[in-house]
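A short write-up of the structure that comes next.
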Amino acid sequence: MSTEEFKHDYGIERVFSSISDIAGKKITIMGLGLHGGGEAVARFLAKHGAKLTITDLQTEKKLKPTLQNLKKSKDIDFNTIDFVLGKHVIEDFENADCVIKNPGVKYDSNIYLAAAKYIETDLSLFLQFCNSPIIAISGSKGKSSTASAIHYGLCKAGFDAKLGGNITVSPLSFIDECTERTPVVIEFSSWQLADLRGRHILKPRIGLLTPIVPDHQNWYRAMEPYVDDKKLIYANQSGDDVLICGSSSKWDDIFAAEAPAHLIRYPSHSTAQWVENISVPGEHQKQNIYNAYLVLGQMGVKDEDAIKIMQAYPGIEHRLEFFYSWNNLKFYNDTTATVPEAAAAAAQSFKEPVHFICGGTDKDLDFNVLAQTLAAHTKKKTKSIGSIRLLAGTGTTKLIKLLKRKKVRYRGPFDDLQSLLEDLRGCFANQSGVHEQTNTVVVFSPGATSFGMFKNEFDRGFQFKQHVRSIFN
């Protein structure tokens, strides 16, 4: 077994037995980033007296927003931190008492992580030092929407709940506000779960797995290792805990057979009558809200109160987010749909005619489900998709081949969002038939990643909204 494998699977020994052990330790943070995770862990460790080195392959120029935030912080002395940017130096890892790893960094053949004495993450630190009840969410589709709905519901029910994890908020940013009575909802990516393997510190009071579909296959190369990481959400639960999972796939059956916790299984489509009165569009969103309702019940919220709360849930940014209207058009931003299945679900979420925008970078995924959905909904008798526009990318290239086979018409691929939206605007101006439709929606649901063209999926969503407001005014 390699050094990387040993540390990954059996790194149970901890460098910190308590928060006070942080003081005076030489700690290297690998990855400052722009999403807030590196910044939060830097603030936390500096506040508790660590001697910090922060290293990132990105340059000082690219990291400027995060660096400015740290410099303005009253909690830490910016000048005491050593920054090594645009590169990594092996001595920063060899000489550190502990290395804090970004979840997007692989262990395989990484000479820097191999040189580290101990490796932690922001989530492993949080779970070691926080005794709040944890509600852990993972899966492939709907993680963020479900986690956000749970947090919304708990707060409306009177809990002082917190929300963090893969949803781009590090729990270390609110750890000082947590007590034994503070429910903490954490969204876990498969990578974040993998970083906890062998540590035995994730013991959620409630675990919830959203539907599993192929994802990140450019990283995993097979479904089994991807699903194995998802299983870590319940690996250390007991019979006093709860696992909520689906009932419509072989993966769900495996989870149900293995989990030591009390089991609750949700249907693929809820038949609860109250779900039909939810304001958020899309059957998949209704499923997410129903699952949040199940969690509220497990937290002691009365059934009638849980139903009333979840019916009022307004949704969240970047998840089929209605953000703008122009004449008879309504615009929806669904940028966090990064797998074809999620985009296919978005395409079927509206009763009104849809002008659909998708495409992006491939993760070694199968785009058949999206191509089939678009083909089915552009047929004359069932036509609900008025037009399809494609944003360029390696995933788009795969989708185009499938659309051509199915003789589905599309426009593009476009090299950027601005030119794509100008083309759509031109169709209205030219009276080509699009503008004559009333109560029409424009949905941006990529079904692919944002690599290359954008910083991340959130930047993609922000840019989409910005261009829409500029072009359609």
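Counting non-hydrogen atoms of other residues, nucleotides and ligands closer than 6.0 Å to CD of Gln273 gives a total of 12 or fewer. Summarising the local packing, CD of Glu304 is surrounded by more than 12 heavy atoms from other residues, nucleotides or ligands at distances under 6.0 Å.
If you check the side chains of Asp252 and Ser249, you find a donor sitting under 3.5 Å from an acceptor. For the residue pair Thr179 and Thr182, a side-chain donor N or O sits within less than 3.5 Å of a side-chain acceptor on the partner. No hydrogens or angles considered: a donor-acceptor pair under 3.5 Å links the side chains of Asp122 and Ser170. In this structure, a donor-acceptor pair under 3.5 Å is absent between the side chains of Lys363 and Thr449.
Counting only distance, with no hydrogens or angles, the side chain of Ser124 and the backbone of Glu120 share no donor-acceptor pair below 3.5 Å. At distances below 3.5 Å, at least one donor-acceptor pair connects side-chain atoms of Ser247 with backbone N or O atoms of Tyr266.
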(request) Evaluate the criterion side chain to side chain contact (heavy atoms under 4.5 Å, CB included) for residue pair Ile137 and Thr210; output intermediate values, then yes/no. (result) CA-CA 8 Å; Ile137 316 299; Thr210 66; 4.3 Å; yes

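For the pair Ile206 and Met299, the minimum side-chain heavy-atom distance is below 4.5 Å.
Screening Phe472, Phe444, Phe458 against Phe464 for a ring pair (Phe, Tyr, Trp, His ring centres under 6.0 Å) leaves a single residue, Phe444.
Using the six-membered ring where Trp is involved, Phe129 and Phe16 have ring planes that are tilted, between 30° and 60° apart. The aromatic rings of Phe331 and Phe323 sit tilted, their planes meeting at an angle between 30° and 60°.
Atoms NE2 and CD1, from His318 and Ile167 in turn, are 10.5 Å apart once rounded to the nearest 0.5 Å. Rounding to the nearest 0.5 Å places CG of Leu374 at 8.5 Å from CG of Leu390.
Salt-bridge annotation for Glu39 and Arg43: present, with a side-chain N of the basic residue lying under 4.0 Å from a carboxylate O of the acidic one. The pair Lys156-Asp305 does not count as a salt bridge, with every side-chain nitrogen at least 4.0 angstrom from each carboxylate oxygen. For the pair Asp228 and Lys231, the salt-bridge criterion is met [side-chain N within less than 4.0 Å of a carboxylate O].
Phe322 carries Lys330 over the face of its six-membered ring, with the cationic atom under 6.0 Å from the centre and within 45° of the normal.
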